[in-house]
J.: 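Below you'll find the structure I mean.
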Amino acid sequence: MISLLANPLRFQKFARYAAPIFAFLSIICIGAGIWFGLWHSPADQLQGHSARVMYVHVPAAWNSMMAYSIMAVSSLIFFVWRHPLADELAKACALPGAAFTALALFTGAMWGKTSWGTYWQWDGRMTSYLILLFLFIGYMSVRATIENKQQAARIAGLVAMVGSINLPIIKFSVDWWNSLHQTAVVSSPGAPGLPGSMLTPLLLMFFGYSFFFGWYVIRRVQISIIENQKKRKNRQKPTTSIRVETIE
Amino acid sequence: MNGFLSLIARDLKLAARSGGTWAHGLVFFLIFLSICAIALGGDSENLRPLAPALIWLALLLSLLLSFEHMFRSDVDDGSLEQMKTSDMSFMAYVSAKCCVQWLLSVLPIFVFLPLAAILLNLPVPVTLGMALSVYCASPALICYGAFSAACLSGYKGGGILIVLLSVPLLVPLLIFGIAAVTSFSQSGTVSSEFYALIGISLIAIAVGIPAASAALKTSME
């Protein structure tokens with residue numbers, strides 16, 4: 001599937017249909033997730049209705065880590081095989097990843113204030129997640145600062161790859177350190193799991209965010225392909241002032 | 001091996017001839033600790049619990065200042081291009097740079113740690129734990145810094161960006177380092193935080209040096 005899409009022309013054909021479908025699915029899933037999450041699911045036993053921010057916070061956190069993983073893997077593909085589309089994919093993942101990270105941090109602080117009494121604590125999970133935000137910002141600033149854009153792409157790819165060591169630290173930090181943050185409820189084997197009425201809006205929001213992320217990335221890569229085509233065409237233009245009439 | 005050793009000898013000679021520039025980080029380390037002690041009131045009871053954190057901060061800041069100059073002089077006067085055209089591998093070059101940086105930036109810290117301990121009124125076990133944690137973490141500090149410096153070696157105004165790039169990689173070392181000193185001063189034994197520091201250091205050597213040499217190669221194209 002990935003190698004099918006690696007051809008830019010085939011990717012453009014795919015994107016014409018995929019992007020609107022992803023947008024539609026994202027709106028449906030987020031809408032349904034909000035409806036289930038705010039009205040149709042039970043309130044938490046201890047925290048009451050404030051625990052409903054979980055439906056915004058947790059999918060954002062999962063998606064930000066997914067965004068960083070995609071960025072790191074496509075940076076690796078670009079670095080090793082020098083495939084330009086992989087670099088465009090990595091570049092497209094940076095901003096939504098940073099946005100999801102900021103959203104998760106913000107909603108997490110809100111939730112922490114109501115349930116733990118503090119907006120923030122410098123424990124392993126929250127510190128390493130803040131580091132993820134710094135890694136996204138560092139990636140974007142490296143791309144912006146270095147003038148030669150081919151160099152910038154390779155060096156930013158290196159930054160993404162070296163920083164990927166942070167992902168297992170985030171994942172396992174709640175197990176390694178005593179933390180205010182709770183341990184894995186849904187995803188680990190042996191985790192207590194969520195009741196279905198709470199799992200449904202959580203998964204709906206997660207898929208909604210993922211479709212949104214996919215829509216954004218597909219559109220961004222589309223735009224990059226068109227921009228690169230334009231740049232190549234402009235470079236091939238004759239620089240003399242004689243106007244040549246061509247029959248198109 | 002010959003090239004590696006000759007690179008180390010070259011850099012050490014250059015540092016010796018630089019008129020004391022290599023000691024700037026060290027001076028910053030001592031000045032930072034002094035003004036911390038002054039700012040926190042100078043009362044030894046206040047300073048003692050904060051001392052491991054302050055020493056680690058001073059070390060981190062003095063190293064962050066020195067990363068910018070790791071590759072700058074070689075890029076500016078063209079020596080890096082000469083090394084590229086010679087048969088010296090970039091990995092050997094970066095490894096030599098890291099060794100020299102360790103010898104010039106970290107080794108003097110061990111000499112001055114007792115002085116820092118006196119400045120902040122630390123007992124001997126804490127100083128020993130401090131020295132051990134710095135020793136275990138120093139390869140990672142140097143290698144991650146070399147990686148950030150190599151990424152931005154082609155960019156002239158790169159100073160603060162090098163700090164921005166290296167901070168995400170160095171913060172786990174800070175956390176584990178201070179935890180290691182605290183646990184050593186309480187229990188007297190080398191505990192899991194030291195193993196974590198050693199693990200991060202080994203990963204940093206294995207990942208940071210090749211990544212730094214790749215970044216240097218890229219910024220020279």
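Worth saying up front: this structure is predicted, and the values here are computed from it rather than measured. All values below come from the heavy atoms of this structure, side chains included, with hydrogens, waters and symmetry mates left out. Proteins come first, then strands; the chains are lettered A, B, ... in the order of their sequence lines, and each starts at number 1.
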J.: Take atom OH in B:Tyr135; do more than 12 heavy atoms of anything else shown fall under 6.0 Å from it?
T.: no
J.: Tell me, yes or no, whether the heavy-atom count around B:Arg48 atom CZ, taken from other residues, nucleotides or ligands under 6.0 Å, exceeds 12.
T.: yes
J.: Out of the candidates A:Val162, A:Val159, A:Ile131, only one should pair with B:Leu169 under the side-chain contact (heavy atoms from CB on, under 4.5 Å) rule; please name it.
T.: A:Val162
J.: Surrounding NZ of A:Lys233 (heavy atoms of other residues, nucleotides or ligands, distance under 6.0 Å), is the total greater than 12?
T.: no
J.: In Å and rounded to the nearest 0.5 Å, what is the CG to CG distance from B:Leu164 to A:Leu135?
T.: 9.0 Å
J.: Which atoms of B:Ile203 come close to chain A, meaning under 4.5 Å heavy atom to heavy atom: side chain ones, backbone ones, both, or neither?
T.: side chain
J.: Tell me whether the count of non-hydrogen atoms from other residues, nucleotides or ligands lying under 6.0 Å of CH2 in B:Trp56 goes above 12.
T.: yes
J.: For A:Ser128, is it the side chain, the backbone, both or neither that has a heavy atom under 4.5 Å from a heavy atom of chain B?
T.: neither
J.: Ignoring hydrogens, what is the shortest heavy-atom contact between A:Arg154 and B:Thr218? Give both atom names and the distance.
T.: CB-CG2, 3.5 Å
J.: Counting only heavy atoms closer than 4.5 Å, note whether A:Leu130 contacts chain B via side chain, backbone, both or neither.
T.: neither
J.: Against chain A, work out which of B:Ile200, B:Leu161, B:Ile175, B:Val167 has the most heavy-atom pairs shorter than 4.5 Å and name it.
T.: B:Leu161
J.: Considering only residues two or more places apart or on different chains, which pairs with a residue in residues 150-178 of chain B satisfy ring-ring contact (aromatic ring centres under 6.0 Å, His included)?
T.: A:Trp177-B:Phe176
J.: Are the side chains of A:Val142 and B:Cys151 in touch, meaning some heavy atoms are under 4.5 Å apart?
T.: no
J.: CZ of B:Phe110: more than 12 outside heavy atoms within 6.0 angstrom?
T.: yes
J.: Sequence neighbours excluded, which residues qualify as side-chain hydrogen bond (donor to acceptor under 3.5 Å, both in side chains) partners of A:Tyr139?
T.: A:Arg143
J.: What is the minimum heavy-atom distance between A:Ile155 and B:Ala215, and which atoms define it?
T.: CD1-O, 4.2 Å
